[in-house]
Amino acid sequence: QKEVEQDPGPLSVPEGAIVSLNCTYSNSAFQYFMWYRQYSRKGPELLMYTYSSGNKEDGRFTAQVDKSSKYISLFIRDSQPSDSATYLCAMTVGSGGSNYKLTFGKGTLLTVNP
Amino acid sequence: DVKVTQSSRYLVKRTGEKVFLECVQDMDHENMFWYRQDPGLGLRLIYFSYDVKMKEKGDIPEGYSVSREKKERFSLILESASTNQTSMYLCASRDRFGYTFGSGTRLTVV
């Protein structure tokens, strides 16, 4: 079983839809969770960062963590064509030494159609 | 904003050449990373460094080496480039809130 599983999609939705992106993980030591957005031919950029279980909201984006189920989600409300990108989940066990290494999902390709 | 700069966006090299990919960050971060990204395989960690002159192998270090002589600069070296090293190479530096990535270098080995 891979440490982090993410459905690669592709996912295609109409403008204005609510998008749900998900990752599951197997390592219960993961404590910090991130979502990155990567536009075509660009490097990933950090979108959301969360530590605790529960929801964290930032504008149209909500990150959700359920540590008991080892499941994280990213919700995008009122999706826009500019949200079309690959979304990668990432997680780490903590800080210090090799614990700085992030483990990434393979990414979900999202297209929002006007 | 943290800036991570990779010296080249596109590179074409010949098989057997020694290739240097340079990465510079401007925020005094201790931790820096090199990944390669391939379709269907995602991001794979090649090497990382958590201090000057310190390095650790990632998941796929074979055929690569790294150099970190100064805190701001982390170089990836392909000792003898091969066609299976054709890929997008991404450098990142890290603070407590996650990674900041460079724009990537798309390397083609012919």
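Letters A, B, ... are given to chains in the order of the sequence lines, protein chains preceding strands, and every chain is numbered from 1.
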Student: Heavy-atom cut-off 4.5 Å, strictly under: side chain, backbone, both or neither for B/Gln6 against chain A?
Tutor: neither

Student: Tell me which of these, B/Met88, B/Gln37, B/Arg44, has more heavy-atom pairs under 4.5 Å with chain A than the rest.
Tutor: B/Gln37

Student: So which of A/Lys106, A/Gln6, A/Glu45 has the largest heavy-atom pair count under 4.5 angstrom toward chain B?
Tutor: A/Lys106

Student: Check whether any side-chain heavy atom of A/Lys42 lies under 4.5 Å from a side-chain heavy atom of B/Leu90, and answer yes or no.
Tutor: no

Student: Once rounded to the nearest 0.5 Å, what's the spacing between atom CG of A/Leu102 and atom CG of B/Asn31?
Tutor: 10.0 Å

Student: Would you check if B/Thr100 and A/Leu46 make a side-chain contact, meaning some heavy-atom pair closer than 4.5 Å?
Tutor: no

Student: Is any side-chain heavy atom of B/Arg94 less than 4.5 Å from a side-chain heavy atom of A/Thr92?
Tutor: yes

Student: Can you check whether B/Gly104's main-chain N or O pairs, donor with acceptor, with A/Arg41's side chain at less than 3.5 Å?
Tutor: no

Student: What's the spacing between B/Tyr99 OH and A/Phe104 CZ if we round to 0.5 Å?
Tutor: 5.5 Å

Student: Heavy-atom distances under 4.5 Å only: say whether B/Tyr89 touches chain A with side chain, backbone, both or neither.
Tutor: neither

Student: Is B/Arg9 close to chain A through its backbone or its side chain, or both, or neither, when contacts mean heavy atoms under 4.5 Å?
Tutor: side chain

Student: Heavy-atom distance under 4.5 Å to chain A: side chain of B/Asp51, backbone, both or neither?
Tutor: neither

